[in-house]
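The model shown is predicted, which means the values in this text are computed figures rather than measured ones. Order of the sequence lines fixes the chain letters, A, B, ..., with proteins taken first and strands second; residue numbering starts at 1 for each chain.
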Amino acid sequence: MRRIASVIVDVPTLQTNRPFDYIIPVDLIEHIEVGMRVVVPFGNRHIQGFIVDFKEQSDVKNLKEIIEPMDVTPVLNKELLHLGDFLSEKTLCFKIAAYQVMLPPALKAKYDKYLTLVQQEKSNELPDGLKKLFFYQNRVNWKDAEKFAPTSYLYRKAREGLFEVIYEVKSQGNKKKVLYYVPTTENVTEFQTKKDQLPKPLSPKQEEIYQFFVNEFKPHTVKQVEEQISNARAPLNALVDRGLLKKEEYEQYRDPYVNREFERTQPLPLTDDQQKAISPILQAIEENQDGVFLLNGVTGSGKTEVYLQSIQEVLNKGKEAIVLVPEISLTPQMVNRFKSRFGDLVAVLHSGLSLGEKYDEWRKIQRKEVKVVVGARSAIFAPFENLGIIIIDEEHENSYKQEDVPRYHARDVAIERSKIHNCPVVLGSATPSLESFARAQKGVYHLLTMDKRMNQVNLPTVEIVDMREELKSGNRSMFSEQLFEKMQDRIAKKEQIVLMLNRRGYSAFVMCRDCGLVVKCPNCDISLTYHKVTDQLKCHYCGFETITPKVCPECNSNHIRYFGTGTQKVEEELGKVLPEARVIRMDVDTTSRKGSHEKLLAAFGEGKADILLGTQMIAKGLDFPNITLVGVLSADSSLHIPDFRSSEKTFQLLTQVSGRAGRHKLPGEVVIQTYTPEHYSVQFAKNHDYLQFYQYEMMMRKRGQYPPFYYLTLIHINHENVQYVYSVAEKIASFLRSQLSPTTHILGPAASPIVKIKNKYRYQVLIKYKQDPNLPTALKKIIHHFHRDQIKHGLTISVDMDPYSLM
DNA sequence: AGCACGCCGACT
DNA sequence: GTCGGCGTGCTC
């Protein structure tokens, strides 16, 4: 008999990070399973928890009873529970945090529970009261249903498929709300009457806006109004005061592109390269072998077709597939390729979906209505029970590492799952991370190489232009002579151009040209970001906002200027030197609105522009046949970021963006402008020589004792008081030195590159180790030791095993 | 996280 | 004598 349940409660603290036992009430015994969420009494309140185990006996005497289950079927199966433990172990997070991250966020939020009648034909079997409820509505509030039928009946019937239990998110705190101005009347006629009855006539500006609403009698945002009438905010509010309009907040919904028709595609004949690459994968699928394949294929070599045909094989075996793609390339173009091949068997999970939509996709997986999931990082937790393959596209992308708790890497989770399911993992990239390629070299991963493009197209030729020489020869424009000539040529030939301004790590900022002051956040040690729309300066770390100063706060000079991401400036310049060119600009300013990213790309794809100008966001995934020239305006800026991966990132970026040129019939050319042409990242990118880059960079990493030669762990110590932070950091470092192996290097304490965020000083200790069995224990000890200070003094200590950014 | 318990100073 | 400050410890 299952009498007692062990529950991980939703209280994320050190002391509660263990199971608590509860008695299962007799009438719930047959409805409760491991992996379900339950409501339990904890102290004097009711909280959520996950059942992780059943037992006969408990050491605790006065057990309380479970109050009610929250699910009809478990939300975490055995495997996911195991993965949760794996995560909490590997990343040192609380179990509850690990479980939560695996579920769609809708299950975490506050919710209302409803019942819908799935099998309409059986409505006669329902108890009278329920029958009546379902007669008037197709969804019934759970609490109402309980008035007419025993809870256990509802659960049983839900499990049998008569009902479905639906969660609807109640608190939409994390959904985006937008303020609308809404006419206060039912129709236009009343609207006009109401205006005529006003004691005083409207001001001209108010009248103008009023007429705008008469013409389009529906809710509008300030933004919408201001597209036609500038400075509308104040008069809009005046109209609110005068009773003609009211303010209402609506939820922002996204245009769903879901119900679109997809033209079915058939498997394409594979090239020799593809054939060679796919056969060991197919073999692993066939033989239920786990293992990691690193598919190193140059841009345009047809990795996606290899994925598609591997998945087909998996589906033929009746199994399921997970495909991870970086969020940024999760565009309709990408999704279409999977939908077109596998149709309704595909679920898509990405950040653009609302909570409800994400939940719906997740339910499709859970109910086994789909067999393939395409999604960003968290899709790795898709609750499939019969996985046949896991694919991680653009394996080197850092978005696979979650930067807040739990700080997991999707690749590690994928490998853990592949061992459980005995299925292969395929890591695909034209420029694999050094870590992965090194493992492939050592034979830990199987290396599969595709070094030729499909359609017998060659990789584009790359020309490096030394901008110092350009300057010397008197060319002060941002386009070198070579690039400019080629641009003219392409425009004449009606071919398309991609121009990338490499500004990784930069955003718009305000600087005084006289004294060089950059306006910084008063709470954080970081430059404020300029927002053109509102003419404000914002801090990306703490949300501080201020009006852009007109004179320098330091020297009172009025030569205070706004330095953009640079794309606007390039656009202006293009307008001067190539006035006939049609330009689409893609940067944070033009793509901040949801869906605008896709729209701009679609317009470019339809040939509505000659030049696509953008920041590194354009480097990935575009595949348009007419692009024959790629220009990189400044290759250097990502080289000088203080990060041991900056060379790798630069090489990847240059290679990726070069890969946009000449993917189909027309040959491609690339021009890279740089002030450091001799840098190896630039030189190896010129020759598309990943291998050489790899060897050189490995040497650098070895010298610097960085991954993949050493593992890293980064500890952040934050507090308002500098001295206190430093003393804690100092204690941590010396404790570690006493506990860890002598071959382990402990660096610091040192101030973090961003020394202050939200008025808290940040210090860090970096651990480099090859293997150190004592590390997890030592880290846990540190966390325990400073636990008291953490709650008492607002000290925070965070540990990132395998950090991606050292900021 | 929340809340009770408990031990010290200031008050009707 | 009592009220309330918050430091400490527990929650099945």
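- Judged by centroid separation below 5.5 Å and plane tilt below 30°, Phe42(A) stacks onto the base of dT11(C).
- Rounded to an integer number of Å, the gap from NZ of Lys64(A) to P of dC12(C) is 4 Å.
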Dump every N/O contact between nucleotides 6-10 of chain C and the protein below 3.5 Å, one line per pair.
residue : atom : partner   : partner atom : Å
dG9(C)  : OP2  : Arg788(A) : NH2          : 3.4

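- Ring centroid separation for the pair Tyr763(A) and His719(A) does not come in under the 6.0 Å cut-off.
- The nearest whole Å value for the distance from the OH atom in Tyr22(A) to the P atom in dT11(C) is 10 Å.
- Within 4.0 Å (heavy atoms only), Asn62(A) reaches sugar-phosphate atoms of the nucleic acid but no base atom.
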Atom pairs and distances, side-chain donor-acceptor, residues 88-102 of chain A, under 3.5 Å, sequence neighbours left out:
residue   : atom : partner  : partner atom : Å
Ser88(A)  : OG   : Asp85(A) : O            : 3.4
Thr91(A)  : OG1  : Leu87(A) : O            : 2.9
Tyr99(A)  : OH   : Asp85(A) : OD1          : 3.1
Gln100(A) : NE2  : Asp10(A) : OD1          : 3.2

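- Using the six-membered ring where Trp is involved, Phe381(A) and Tyr408(A) have ring planes that are perpendicular, over 60° apart on the 30 and 60° scheme.
- Note: Leu349(A) CG to Glu327(A) CD = 10.0 Å, rounded to the nearest 0.5 Å.
- For Gln48(A) and dT11(C), the CD to P distance is 21 Å, given to the nearest whole Å.
- If you measure from atom CZ of Phe50(A) to atom C1' of dC12(C), you get 18 Å, rounded to the nearest angstrom.
- Per the geometry, CD1 belonging to Ile47(A) stands 13 Å off P belonging to dT11(C), to the nearest Å.
- Base engagement by Thr16(A) is indicated by at least one non-hydrogen atom pair under 4.0 Å involving a base atom.
- We find that NE2 of His46(A) is positioned 15 Å from P of dG2(B), with the value rounded to whole Å.
- Using a 4.0 Å heavy-atom criterion, one finds that Pro41(A) contacts the sugar-phosphate atoms exclusively.
- In this structure, Lys368(A) places its NZ atom where more than 12 heavy-atom neighbours from other residues, nucleotides or ligands lie under 6.0 Å away.
- Using a 4.0 Å cut-off between a side-chain N of Lys or Arg and a carboxylate O of Asp or Glu, Lys358(A) and Glu361(A) do not qualify as a salt bridge.
- One interatomic measurement links the two molecules: CG of Asp21(A) to C1' of dC12(C), which rounds to 6 Å at whole-angstrom precision.
- Atoms CZ (Arg3(A)) and P (dC12(C)) sit 18 Å apart, rounded to a whole Å.
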Can you give me every donor-acceptor pair (side chain of residues 729-737 of chain A, partner residue at least two apart or in another chain, under 3.5 Å) with its distance?
residue   : atom : partner   : partner atom : Å
Glu730(A) : OE1  : Tyr726(A) : OH           : 3.3
Ser734(A) : OG   : Glu730(A) : O            : 3.3
Ser734(A) : OG   : Lys731(A) : O            : 3.2
Arg737(A) : NH2  : Ile746(A) : O            : 2.8
Arg737(A) : NH2  : Gly748(A) : O            : 3.1

